[in-house]
There are 2 protein chains.
Amino acid sequence: MTAYQSYPQFYVSVDCIIFGFAEGHLKVLIHQRPYEPGMGEQSLIGGFVQTNESVDSSAKRILKEFTGLDNVYMQQLAAYGEVERDPGERVISIVYYALINVDNYDQTFSDLHNAKWVDVDHLPTLCLDHRDMVQKARRKLGETIKNEPIGSNLLPRYFTLSLLQALYESILGTSIDKRNFRRAISEKDYIKPTGMIDKASSRRGATLYQFTMND
Amino acid sequence: MTAYQSYPQFYVSVDCIIFGFAEGHLKVLIHQRPYEPGMGEQSLIGGFVQTNESVDSSAKRILKEFTGLDNVYMQQLAAYGEVERDPGERVISIVYYALINVDNYDQTFSDLHNAKWVDVDHLPTLCLDHRDMVQKARRKLGETIKNEPIGSNLLPRYFTLSLLQALYESILGTSIDKRNFRRAISEKDYIKPTGMIDKASSRRGATLYQFTMND
DNA sequence: TCAAAAAGTGTAGCGCGCACACTTTATGTT
DNA sequence: AACATAAAGTGTGCGCGCTACACTTTTTGA
């Protein structure tokens, strides 16, 4: 027997900021909160930690329930532990963010969970402290993408440099000079041109690139 | 009534990596774990979250219990949530690190809690996943000190540049060129020379500096 | 007076981030 | 057929920060 029994216990939830990139903008998947209090309000994807799973696995499980996706890039962001953060009961939330390729996202899940993609720059009112969480996650994502090849998680397998630049601009919230951007990318050893040309997105056609970390 | 009651609850602990700087090295305060399982093993300073306090306040309370100190620089590091991380019962731990000036640390607390300072570069075996926590905290501390004037929390009010450099070297785990270091510091607007000379630490005597963020 | 120990001080090269504008190529319209 | 449009693609130069590098000054204790 342990000496822990004199201590209180808490509901522990996981909230996921699921980022996607669509229509040239960074988006977040939200849905309508399915329980009281605040039922029907806009909410991040979340759920409660179960006894038989680690907090990390809990995050993965919840992500899978809401997107059908496995093997997703996920990072822990922070724990939120204010006493009154949830007006119902005391809930401590551990927050993760995930990057998914929206092309892999099966839209039937949207209907199932009343989920939708919203632009990070035009967030609707979110319940509890969820807005805070999104902004913190977006900041961290911005720091990370400068050094690590995480763009591969948000983009299709083949992409033009214009699309890649739009992704960076949307994450960082700044505009980037095209020449500087292209030079910087050409110096990365994990992004390489394929021989292919994309004719759909422009008249002239643009070279398609791909991430090549695991080649 | 909320719909949460069907979900499990968990013990939530706080572990604190309390950093101090003494004898030219970055140190961590540890003590002997006061409860089973693993009673008597070396452990970070920790405790359990109470119902009436936020997780942040819990960390502050625990820090105060073990050091007597208030108003300390503290940052949340991460949540640790593996199912079997604690061999006793399921405990989810939220980890903070704190920076204190060891001169302000009342040594009577050491005796009270069997606490002692250990060198971060020569950690003894720690219980559970505490070693991991320390290393993660040290990495984050290193990133932070490059840009922010957090050294003020670890140093006495007045200090020589040699001491400051030793602090940076110990946190970063590298040696730094003296001239480069001094130039970099002189460009910071939050560290300024006082007119005073310290005669204790060297024959020649060295200018004493201070942090001046709030002047 | 001499050895030791720490304080203090300047320069030059390199890579990185950033500013900046025109040409090329294909298509759709008139 | 030619012309307008739209996006792709392409180099140079500057300033800043990071790094490498060695000797002089000052004081004290032996």
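In the text below, chain A, chain B and the rest are named by the order of the sequence lines, each starting its count at 1. All values below come from the heavy atoms of this structure, side chains included, with hydrogens, waters and symmetry mates left out.
Test B/Asp132, B/Asp119, B/Asp121 against B/Arg138 for salt bridge (charged side-chain N to carboxylate O under 4.0 Å, His left out) and you get one pass: B/Asp121.
Of the candidates D/dA7, C/dA19, C/dA7, C/dA7 carries the atom nearest the B/Ser202 side chain, counting heavy atoms from C-beta on.
Across the protein-nucleic acid pair, B/Glu187 atom CD and D/dT19 atom C1' stand 14 Å apart, rounded to whole Å. Whole-Å rounding puts the A/Arg204 CZ to D/dA8 C1' distance at 4 Å. Rounded to an integer number of Å, the gap from A/Leu208 CG to D/dA8 P is 11 Å. One interatomic measurement links the two molecules: CD1 of A/Ile197 to P of D/dA7, which rounds to 17 Å at whole-angstrom precision. If you measure from atom CZ of A/Phe159 to atom P of D/dA8, you get 14 Å, rounded to the nearest angstrom. Atom C1' of nucleotide D/dA22 and atom CZ of B/Arg183 are separated by 14 Å, given to the nearest angstrom. One atom, CZ of A/Arg203, and another, P of C/dT27, lie 9 Å apart when rounded to the nearest Å. If you take OH of B/Tyr209 and P of C/dA7, they are 11 Å apart, rounded to a whole angstrom.
The phosphate of D/dA8 has OP1 or OP2 within less than 4.0 Å of a side-chain N or O from A/Ser162. Contact annotation: B/Thr207 side-chain N/O to C/dG8 OP1/OP2 distance is under 4.0 Å.
Using a 3.5 Å distance cut-off with no hydrogens or angles, the side chains of B/Asp198 and B/Thr160 do not pair a donor with an acceptor. Side chains of A/Ser152 and A/Tyr73: a donor-acceptor N/O pair is absent below 3.5 angstrom, by distance only.
The stretch residues 171-182 of chain A comes close to DNA chain C through A/Asp177, A/Arg179, A/Asn180, each having a heavy atom under 4.0 Å from the strand.
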**OP:** Test side-chain contact (heavy atoms from CB on, under 4.5 Å) on B/Lys64 and B/Asp70 and set out the steps.
**Re:** CA-CA 6 Å; B/Lys64 175 143 199 194; B/Asp70 256 335; 2.9 Å; yes
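Residues satisfying the side-chain hydrogen bond (donor to acceptor under 3.5 Å, both in side chains) test with B/Thr108, not counting sequence neighbours, are B/Asp106.
A/Asn71 CG: 12 or fewer foreign heavy atoms inside a 6.0 Å radius. Other residues, nucleotides and ligands contribute only 12 or fewer heavy atoms inside 6.0 Å of the CD atom of A/Glu23.
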